[in-house]
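Residue numbers run from 1 in the order of the sequence given.
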Amino acid sequence: MISDLRIDEERKRMYYEKGYWGTSTLSDIWSSQSKKYAQHVYVKDTEGHSYTYGEIDQAAARVATWMKEVGVENGDIVTFQLPKWAEFAIIYVACLKVGAVMHPYAVRNTDQDLIETVNSVGTAVYIAPTFYHNRNYEMEYRAICGSMPNLKGALFVDRIASTIPGEASLSCVLTNCEPLNEPSPSKSDEAACILSTSGSTGRPKQAVFTHNTILFSERAYIAPMGFTENDIVWMPSPLNHATGFYHGLIATMLFGGCAILQECYSPESAVKLIREEGCTWSHGATPFIYDLLSYLDEHGGSLPSMRFYICGGAPVPSSMIEHASRYGILLSESYGSTESCPHVYVPLDKCLEWNGAWSGIPYEGIEVRVVDANHNDVPRGTQGEEASRGPHQFVGYLNEPERTDRALDSDGWFYSGDLCYMDEEGRIRISGRMKEIIIRGGENISCNEVDQQLDGCPGVGEHATIGAPDKRMGERICTFLVPKPGTKPTVESITEYLAEKGTPKRVWPERIEYIDRIPYTPTGKVQRFKLAAELLLRMREERNER
């Protein structure tokens, strides 16, 4: 049982009084929804696997029986390393039924990553595919299981290949185990899920959430959108992060809708899938919607069922909002982090009016401040660090009290490390990461500000700016970019464009580096540390050539 949860008793009492928190768990809500929508399709994937709410409930009850048989108890951690398969829903619901803490884990992580993570979080059960993308997870597990002494058992989803004799398979569990028919032992203020942070700056942390924090977060998220059981989400994001899991599956469950999981993404297949399934909305990183719009421009057609796309991971440029509106799609920016997922949004009826000028306003019940280095409020319109507090956010990093102390203060404020400013109406505009600042000749320049100025520049596709080491100036402005077909933008052509549009010279790129693709985290954040490493490598090669 995870016991070190940072829940302030005074705020807890207030959240209960206001009705933000309650005694119902995710398991309780699932039980109600799976009965109400038993015949309604809950989840489908692109490999042809489809389950109704009732079918997921029955399958999960059988897996829950297996979990109990191998010794899973209330509060134990179950780590599941699964692709965007419909079976993901069976596993997470089974965890709810036995009171296990859900720990979705990135399918791309290696066996050595797994050993470190499983031992650090104290995993009781490990679940993975037998085989996926030329990788035999079962054989890898066999080779390393002796290095994970806390494990009580392992289960393999045998969709592609059968299990090795002696290992438990999902198909056998669904055939041989009777459904568990007893109430979940978990309580609403106990840990329910652990999510790894995105790793945009290095080693990820394990953020802990309770039933109450997840339920409030997702109820707040769906409240302004007017969802019904007829809404269908297209979900291309991985399921081990908040976007895919919380917004794609849990939020959808709360209104009885359907989730379409796209296993292998490409713009062409995405357009086809959205049309065939009649998807009405989506939430994901900006590259996904950028690709869709570019595909429609090139090949024609439309996405008539798609009403809106919620953009996370990066600010949304006005050019993209206007582009989407020409296809009848509203782009709503959503801002947050794994720890404080999303707590700021642009209302649908403001998307076109604000047109990318604002990242949004807080959801009801959530507070946002803009603070200086000493965590004192700054005047409206002044840039500072974004901080948030509310019944939605994480309750600490698992087994890392010092990192928790640095992120959460004694009053419950989470300090994001993002720069922003707020206007008199309470709207905020995210202007970049505090660590994503170029210090050029003593002047602080936001990487994000440079990137925004380059949106729409002829020949410039995806792009991201970092600081290039410089003996004289300390750093200079370096932009990595993906050239559009048939073009090769230069420093000269780009600065000519910026000069014509009146962009201040202080944010003009001084070095251009071409790259095939900008590296992103699965949640759409640019991994600038990877670009910095690539730049240093290229600069060393330049020196050697001289």
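- Not less than 6.0 angstrom separates the ring centroid of Tyr126 from the ring centroid of Tyr105.
- Counting heavy atoms from C-beta on, the side chains of Tyr309 and Val316 never come closer than 4.5 Å.
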- Message: Checking His343 against Tyr335 for the ring-ring contact (aromatic ring centres under 6.0 Å, His included) test, could you report, in this order, the C-alpha distance in whole Å, the side-chain angles of both residues, the deciding distance, and whether it holds?
- Response: CA-CA 6 Å; His343 54 276; Tyr335 167 72; 5.2 Å; yes

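- For the residue pair Thr79 / His103, a side-chain donor-acceptor distance below 3.5 Å is found, with atom types taken as modelled.
- The existence of a salt bridge linking Asp231 and Arg307 is confirmed by a sub-4.0 Å separation between a basic side-chain nitrogen and an acidic carboxylate oxygen.
- Of the N and O atoms on the side chains of Asn74 and Ser186, not one donor lies less than 3.5 Å from an acceptor on the other residue.
- Heavy atoms from other residues, nucleotides or ligands lying under 6.0 Å from NZ of Lys68 number 12 at most.
- In this structure, Phe288 has its ring center under 6.0 Å from that of Tyr265.
- Side-chain rings of Tyr246 and Phe209 approach one another, their centers coming within less than 6.0 Å.
- When ring centroids are compared, Tyr51 and Tyr42 stay outside the 6.0 Å threshold.
- No side-chain N or O of Lys36 forms a donor-acceptor pair with one of Ser32 less than 3.5 Å apart.
- With sequence neighbours left out, the ring pair (Phe, Tyr, Trp, His ring centres under 6.0 Å) criterion links His49 to no other residue.
- Note: Phe88 and Phe245 meet the aromatic proximity criterion, with ring centroids under 6.0 Å apart.
- Aromatic ring orientation, Phe227 versus Phe308: tilted (interplanar angle from 30° to 60°).
- Ring-plane geometry between His323 and Tyr327 is classed as tilted, the angle between the planes lying from 30 to 60 degrees on a 0 to 90 degree scale.
- Using a 3.5 Å distance cut-off with no hydrogens or angles, the side chains of Thr52 and Gln39 do not pair a donor with an acceptor.
- When ring centroids are compared, Tyr415 and His375 come within the 6.0 Å threshold.
- More than 12 heavy atoms of other residues, nucleotides or ligands sit less than 6.0 Å from atom CG of Asp349.
- Side-chain N/O atoms of Thr117 and Ser120 include no donor and acceptor closer than 3.5 Å.
- His247 has its ring centre less than 6.0 Å from the ring centre of Tyr221.
- In this pair, Tyr137 and Tyr132 present their aromatic rings tilted. The plane angle is within the 30 to 60° band.
- Tyr92 and Glu87 are not linked by any side-chain donor-acceptor pair at a separation below 3.5 angstrom, with hydrogens and angles left out of the test.
- Here Arg429 pairs with Glu333 in a salt bridge; the nearest charged N to carboxylate O distance falls below 4.0 Å.
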